[in-house]
Amino acid sequence: MTAVTVAKQGPQGIQVLIDEHPDSTEGRSVDSTAIRATIATICDSTREDSAGITAGNPFAILPAGLDVDHLAQSVQNYLRQLTLGANAAAAALFCGSILAGHTSEADEFGDIAFWLPGEGDVDYGAAGHEVDILNLLGLNGDSIIPDGGQVREVEVSPETGLPSTVGLSPGEGAEVQQLRKLLSYLRGVRIFSCAHSQGGVEVYVLFGCYEGDAQSGWAGLVGIGVET
């Protein structure tokens with residue numbers, strides 16, 4: 001059984017799920033340093049703090065108040081695979097983040113999956129809930145999207161199902177195909193980006209409604225791009 005550690009991170013106290021014993025037989029490696037850099041940047045904490053969470057690979061972030069014991073194992077497995085798949089596809093396409101794609105001028109940030117519970121009547125897929133999503137993840141959306149801040153919709157390519165920021169060659173590889181398969185489990189996928197209060201940094205969020213046999217909610221990816 002793969003061990004999962006829940007660690008508190010950042011001033012908002014988000015939860016980070018960490019795979020302490022990654023399965024090397026999957027044939028896919030994740031740059032955990034790059035993922036920790038993303039967590040640190042979004043949460044306005046230091047990279048040293050993120051690097052010191054624990055050994056292993058961070059694979060998902062959750063709201064601080066979510067009871068992880070009630071998060072279905074199938075959902076945890078999906079989030080783990082989504083993080084693995086996103087970073088494997090990005091590496092295969094020679095970019096750091098599959099969300100920022102080839103528009104980013106840096107490859108030091110990795111994408112990480114997230115989960116929001118589906119209880120309640122709020123449709124997070126509707127426009128106008130971007131700050132709510134960031135705040136639920138403890139990402140201080142009011143700071144990331146300050147007064148007058150602009151939220152930009154990122155097009156999902158109808159041909160590839162991936163962000164329009166990604167340039168694909170005609171012969172896409174197995175890593176990209178696997179990510180497309182994982183994203184197909186999300187209904188009504190949206191992607192938005194916004195400028196972080198830290199200059200030159202763009203926050204990207206991909207999300208959609210996940211309807212599993214054991215549990216339903218909102219799942220997606222958070223990533224960072226650098227634009228100067």
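Both backbone and side-chain heavy atoms feed into the values below; hydrogens, waters and symmetry mates do not.
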ask   = Would you say the side chain of Arg80 lies within less than 4.5 Å of the side chain of Asn57, judging by non-hydrogen atoms?
value = no
request  = Report the distance from atom CG of Leu93 to atom CG of Leu162, rounding to the nearest 0.5 Å.
outcome  = 8.0 Å
query = Does CG in Asp213 sit with more than 12 non-hydrogen atoms of other residues, nucleotides or ligands closer than 6.0 Å?
reply = no
inquiry  = Strictly distance-based, threshold 3.5 Å: is any side-chain N or O of Glu108 a donor or acceptor partner for the main-chain N or O of Ala37?
reply    = no
query = So how far is it from Thr103 OG1 to Glu105 CD, rounded to the nearest 0.5 Å?
reply = 9.0 Å
task = Would you check if Val176 and Arg180 make a side-chain contact, meaning some heavy-atom pair closer than 4.5 Å?
result = yes
inquiry  = Return the CZ to CG distance between Phe59 and Asn77, rounded to the nearest 0.5 Å.
reply    = 8.0 Å
task = Let me know which of Asp111, Ile112, Val203, Leu99 forms a side-chain contact (heavy atoms from CB on, under 4.5 Å) with Ile224.
result = Val203
note = In this structure, CD1 of Ile191 is separated from CZ of Arg152 (nearest 0.5 Å) by 14.0 Å
ask   = Is the side chain of Glu202 donor-acceptor paired with the backbone N or O of Val226 at a distance under 3.5 Å, no angle test?
value = no
ask   = How about Lys181 and Gln178: do any of their side-chain heavy atoms sit closer than 4.5 Å?
value = yes
message = Under a 3.5 Å distance rule, please check whether Thr83 uses its side chain to pair with a backbone N or O of Ala113 as donor and acceptor.
response = yes
Spacing of CZ belonging to Phe109 relative to OG1 belonging to Thr41, to within rounding of 0.5 Å = 4.0 Å
query = Any sub-3.5 Å donor-acceptor pair from Asn87's side-chain atoms to Gly110's backbone N or O?
reply = no
ask   = Any side-chain heavy atom of Val156 within less than 4.5 Å of one from Leu183?
value = no
key: Distance flag, aromatic centroids of Tyr78 and Tyr210, threshold under 6.0 Å   = yes
note = Correct closest heavy-atom pair for Ile98 and Ala90 would be N-CB, 3.7 Å
message = How close do Leu116 and Pro63 get, counting heavy atoms only, and between which atoms?
response = CD2-CG, 3.7 Å
note = In terms of heavy-atom contacts, Leu186 and Gly208 come closest through CD2-O, 4.0 Å
ask   = Closest approach of Gln15 and Val68, non-hydrogen atoms and distance?
value = OE1-CG2, 3.4 Å
message = Would the distance check show the side chain of Glu175 and the main-chain N or O of Ala92 forming a donor-acceptor pair, the cut-off being under 3.5 Å?
response = no
ask   = Where is the tightest heavy-atom contact between Ala89 and Leu179, given as atom of each residue plus distance?
value = CB-CD2, 3.8 Å
inquiry  = Once you measure the plane-to-plane angle for Phe207 and Trp218, does it fall in the parallel (<30°), tilted (30-60°) or perpendicular (>60°) bin?
reply    = tilted
inquiry  = Testing the basics here: between Ile35 and Pro58, what is the closest heavy-atom pair and its distance to 0.1 Å?
reply    = CD1-O, 3.7 Å
remark   = When rounded to the nearest 0.5 Å, the distance separating CG of Leu79 from CG of Leu221 is 9.0 Å
task = Under the side chain to side chain donor-acceptor pair (under 3.5 Å) rule, collect the residues that match up with Glu153, sequence neighbours excluded.
result = Arg190
inquiry  = With heavy-atom distances below 4.5 Å as the criterion, would you say the side chains of Tyr185 and Leu82 are in contact?
reply    = no
